[in-house]
Amino acid sequence: SNNNNNKALIMDVSVAGKSVVLLLVCACVSASSSSSWASPSSQGWTKVAKANGNDSVGFTVAIKQDNIDWLESFLLRVSDPSDPSYGEYMSMNEIWTKVHGNAECVAAVVSFLESHGVSFSLTQDKSFAVVQTDVDTATAMFGSEFHVYEHSKLNTSIVRTEEDVVPVAIADHIDFILGHNYFPSMPRNTLRKTENLGVDPSSINKAYKLNEYTATNPNTTQAVTGFLKQYFRKEDLATFQKEHNLPIKPIAKIEGVDVDFLPGMEANLDVQYIGATGRNVSTWFISTSSEVNHGQEDFLAWLLNQTNQTDSPWVHSVSYGDVESSIPDNYKQRVEQEFIKFGASGRSILVAAGDSGVSCTDGVFAPDWPTSSKYITSVGGTLADDMTVWSDGGGGFSNTFAQPQYQKDAVSAFLNSGKAPPTNLFNVSGRAYPDVSAFSVDFTIVFSGSNIGVAGTSCAAPTFAGVVSILNDVRFNAGKGPLGFLNPLLYSLKSQGFNDITKGSNPDGACRGFNAITGWDPASGWGSPNFHLLKDLVLNA
């Protein structure tokens with residue numbers, strides 16, 4: 001399996017009158033990492049023709065960065081409530097001056113690109129070069145043949161090579177080239193329709209003790225991400241807010257494209273529920289699924305967009321994921337570096353934990369990504385009773401990322417509880433997730449004018465994200481900064497401020513999954529939020 005969410009920049013290409021896509025990315029991490037993506041045939045792609053030489057090609061070069069280790073240690077200090085520098089973040093401008101493309105590497109990449117006569121631009125921190133050229137030039141640069149491939153189900157074409165070549169002139173200045181031989185897969189996390197409509201803003205308000213808290217600080221901002229041509233319908237959002245007696249609050253800013261007459265359930269859900277818990281918060285809809293992306297998610301492009309502007313919202317909800325092992329380690333490590341920049345600037349990312357339980361593959365657990373990242377907050381799922389874990393909610397242990405210090409005590413307590421599955425089924429020393437959870441079933445949304453029910457941890461992520469936003473609002477109004485990277489604080493609270501989820505488990509197929517127990521567990525994390533308690537706890541942090 002391959003990942004569908006996590007690409008860099010996808011550029012438009014025209015081949016024989018058809019619009020197609022080429023993706024070339026170089027990402028920067030240790031040379032020992034795995035860098036192979038899945039074969040075209042395994043992802044449903046068939047080679048149909050040789051690409052024309054004058055077809056337009058876009059690609060992105062990720063240049064080695066200076067001071068990323070320094071930034072990681074900085075993040076851990078400013079995110080630790082017991083550290084004197086807690087909450088003393090850097091601005092994005094300050095991060096760019098400290099963490100950036102290595103000068104020698106930048107010079108080598110620029111020289112290489114200029115020698116081929118291609119037009120390009122560097123990101124603010126000079127760690128990425130965005131390039132526009134044609135197939136003939138790309139062939140000369142990479143020494144590879146490019147072909148057109150069509151997908152059996154996606155109704156789209158792409159230009160790729162099946163060769164994995166790194167130009168010698170820049171090999172030491174980038175870690176590898178990713179994407180020219182990368183074939184996107186079908187998405188893994190998909191929202192499900194349900195018959196029941198049991199969860200709505202009123203029931204969430206009651207269960208999580210929100211007391212209809214309404215944000216008042218203009219600095220309080222939040223965002224949902226739209227990939228895979230997922231758009232929201234403005235009229236549905238207004239109807240939802242009216243029906244549930246919420247503040248009538250249109251989306252404040254749309255980045256990218258929103259095709260109002262082609263709404264998706266996922267995007268409608270996201271904008272409706274991040275605003276149901278984050279009442280009156282200024283909300284952005286960030287779409288990296290414009291027509292140029294041809295139905296493919298564009299995860300790294302979303303990250304670059306946000307880390308290369310100064311006013312990106314404080315809280316981001318992401319409801320996408322795929323099998324961790326299907327993503328090259330190098331790519332995951334580079335994305336991790338971008339996540340660190342979010343946290344170091346005081347921003348929070350909440351990611352849905354997945355909808356396949358422990359994802360049983362060949363008798364062992366297969367973790368999801370990016371929910372397995374150390375530097376995001378993973379949100380699992382519960383049933384509407386707020387006591388039982390959703391049986392399909394994702395949870396597990398990363399095979400890529402080591403267990404961070406902030407969660408070692410909590411994970412150790414679970415592993416020693418007598419309730420853990422056999423330890424040969426998962427990586428006991430890996431980053432464990434989820435960190436928290438929220439309702440994931442029977443959500444009432446307005447879709448094309450009608451009320452329908454949906455389920456998935458895609459419901460939990462925006463719901464919890466909105467709660468984080470109003471906690472930020474409480475802090476802003478008290479003259480404090482945003483919560484930023486949440487996990488060290490959440491684990492330091494040791495169940496305080498959460499509704500502990502103690503029933504059920506998240507099995508898959510022949511694998512029995514993790515049991516929800518008292519305290520933290522890899523089915524529900526610490527549990528669902530109790531805003532009434534959390535608002536005082538975050539003021540004292």
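Scope of the values below: all heavy atoms of this structure, side chains included, with no hydrogens, waters or symmetry mates.
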Checklist entry - Where do K374 and R431 land on the side-chain contact (heavy atoms from CB on, under 4.5 Å) test, with the steps shown first? => result CA-CA 6 Å; K374 291 188 288 189; R431 187 285 204 247; 3.7 Å; yes
Checklist entry - Hey, mind stepping through K341 and T307 against side-chain hydrogen bond (donor to acceptor under 3.5 Å, both in side chains) and telling me if it holds? => result CA-CA 7 Å; K341 294 174 187 176; T307 56; 5.3 Å; no
Next on the checklist: I'd like to know whether E336 forms a salt bridge (charged side-chain N to carboxylate O under 4.0 Å, His left out) with R334, so could you lay out the CA-CA distance, the side-chain angles of the two residues, the decisive distance to 0.1 Å, and finally the verdict.
Outcome noted: CA-CA 5 Å; E336 198 81 338; R334 181 61 187 244; over 6 Å; no
Next on the checklist: Please evaluate residues N93 and S91 with respect to the criterion side-chain hydrogen bond (donor to acceptor under 3.5 Å, both in side chains), reporting the C-alpha separation (whole Å), side-chain torsions for both, the decisive distance (0.1 Å), and the verdict.
Outcome noted: CA-CA 5 Å; N93 278 312; S91 69; 4.9 Å; no
Next on the checklist: Assess the residue pair Q306 and E255 against the criterion (side-chain hydrogen bond (donor to acceptor under 3.5 Å, both in side chains)); give the C-alpha distance rounded to whole Å, side-chain angles, the decisive distance to 0.1 Å, and a yes or no.
Outcome noted: CA-CA 10 Å; Q306 297 310 302; E255 280 202 348; 3.1 Å; yes
Next on the checklist: Could you walk me through whether F339 and I376 satisfy the side-chain contact (heavy atoms from CB on, under 4.5 Å) test, starting with their C-alpha distance in whole Å, then the side-chain angles of each, then the deciding distance to 0.1 Å, before giving a yes or no?
Outcome noted: CA-CA 7 Å; F339 285 157; I376 59 87; 3.7 Å; yes
Next on the checklist: With side-chain contact (heavy atoms from CB on, under 4.5 Å) as the criterion, how do I445 and Y273 come out once you've worked through the C-alpha distance, each side chain's angles and the decisive distance to 0.1 Å?
Outcome noted: CA-CA 8 Å; I445 67 167; Y273 276 88; 3.8 Å; yes
Checklist entry - Which is it for R475 and N217 under the side-chain contact (heavy atoms from CB on, under 4.5 Å) test, yes or no, and what are the steps along the way? => result CA-CA 10 Å; R475 283 180 57 89; N217 197 298; over 6 Å; no
Checklist entry - Is there a side-chain hydrogen bond (donor to acceptor under 3.5 Å, both in side chains) between T214 and N280 once you walk through the steps? => result CA-CA 6 Å; T214 303; N280 207 44; over 6 Å; no
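Taking the centre and axis of the six-membered ring of F232, the NZ or CZ atom of K234 falls inside the cone set by 45° and 6.0 Å.
With hydrogens and angles disregarded, a donor-acceptor distance shorter than 3.5 Å links the side chain of N102 to the backbone of C105. Between the side chain of N205 and the backbone N or O of N211 there is at least one donor-acceptor pair closer than 3.5 Å. The closest donor-acceptor contact from the side chain of T277 to the backbone of T463 lies under 3.5 Å. No donor-acceptor pair closer than 3.5 Å links the side chain of Q407 to the backbone N or O of Y491. Between the D66 side chain and the V99 main chain, no donor and acceptor come within less than 3.5 Å of each other. The backbone N or O of G466 sits nowhere less than 3.5 Å from a side-chain atom of R279 that would complete a donor-acceptor pair. A donor-acceptor pair is defined here as one N or O able to donate and one able to accept, closer than 3.5 Å; such a pair exists between the side chain of T457 and the backbone of G354. Listed for the T97 side chain is a donor-acceptor partner under 3.5 Å among the backbone atoms of E94.
Of the residues V468, V281, N219, the one that meets the side chain to side chain contact (heavy atoms under 4.5 Å, CB included) test with W314 is N219. Checked against T377 for a side chain to side chain contact (heavy atoms under 4.5 Å, CB included), the options L483, D435, T371, V315 give a single hit: D435.
Of all non-hydrogen atoms in W70 and K98, the two that sit nearest each other are CZ3-CG, 3.3 Å. Closest of all the heavy-atom pairs between E266 and Y320 is CG-OH, 3.4 Å. D236 and S448 get closest at one heavy-atom pair: OD2-N, 2.6 Å. The nearest pair of heavy atoms linking A478 to L539 is CB-CD2, 3.5 Å. Of all heavy-atom pairs spanning A516 and S524, the tightest one is CB-OG, 4.4 Å.
One distance of note links CD1 of I452 with CG of L197; it measures 9.0 Å at 0.5 Å rounding. Note that OG of S469 and OH of Y213 are 11.0 Å apart. Values are rounded to the nearest 0.5 Å. Here the CD1-NZ distance, from I63 to K126, works out to 9.5 Å after rounding to the nearest 0.5 Å. The CZ atom of F485 sits 10.5 Å away from atom CG of D80, with the distance rounded to the nearest 0.5 Å. Going from atom SG of C459 over to atom CZ of F439 covers 11.5 Å, rounded to the nearest 0.5 Å. Distance CG/N540 to CG/L537: 7.0 Å, rounded to 0.5 Å.
Between the side chains of N305 and Q309, at least one donor-acceptor pair of N or O atoms lies under 3.5 Å. Side chains of S317 and D270: no donor on one and acceptor on the other come within 3.5 Å. D500 and T502 are not linked by any side-chain donor-acceptor pair at a separation below 3.5 angstrom, with hydrogens and angles left out of the test. In the model, N472 has no side-chain atom that pairs as donor or acceptor with a side-chain atom of T220 under 3.5 Å. Checking S528 against N499 by side-chain atom types alone, a donor-acceptor pair falls below 3.5 Å.
In this structure, Q405 places its CD atom where only 12 or fewer heavy-atom neighbours from other residues, nucleotides or ligands lie under 6.0 Å away. At most 12 non-hydrogen atoms from other residues, nucleotides or ligands lie less than 6.0 angstrom from NZ of K242. The neighbour count for K206 NZ, taken as heavy atoms of other residues, nucleotides or ligands under 6.0 Å away, does not exceed 12. By the 6.0 Å contact criterion, CG on D409 is open, its count of non-hydrogen atoms from other residues, nucleotides or ligands being 12 or less. Around CD of E235, the count of heavy atoms belonging to other residues, nucleotides or ligands within 6.0 Å does not exceed 12.
I251 has its side chain within reach of L237: a pair of non-hydrogen atoms, C-beta onward, lies under 4.5 Å apart. With a 4.5 Å cut-off on side-chain heavy atoms, T310 and W96 count as touching.
Checked against the 6.0 Å centroid criterion, the rings of F401 and Y433 do not qualify as a close aromatic pair. In this structure, F342 has its ring center under 6.0 Å from that of W302.
Ring pair F464/F498 is parallel by interplanar angle, where below 30° counts as parallel and above 60° as perpendicular.
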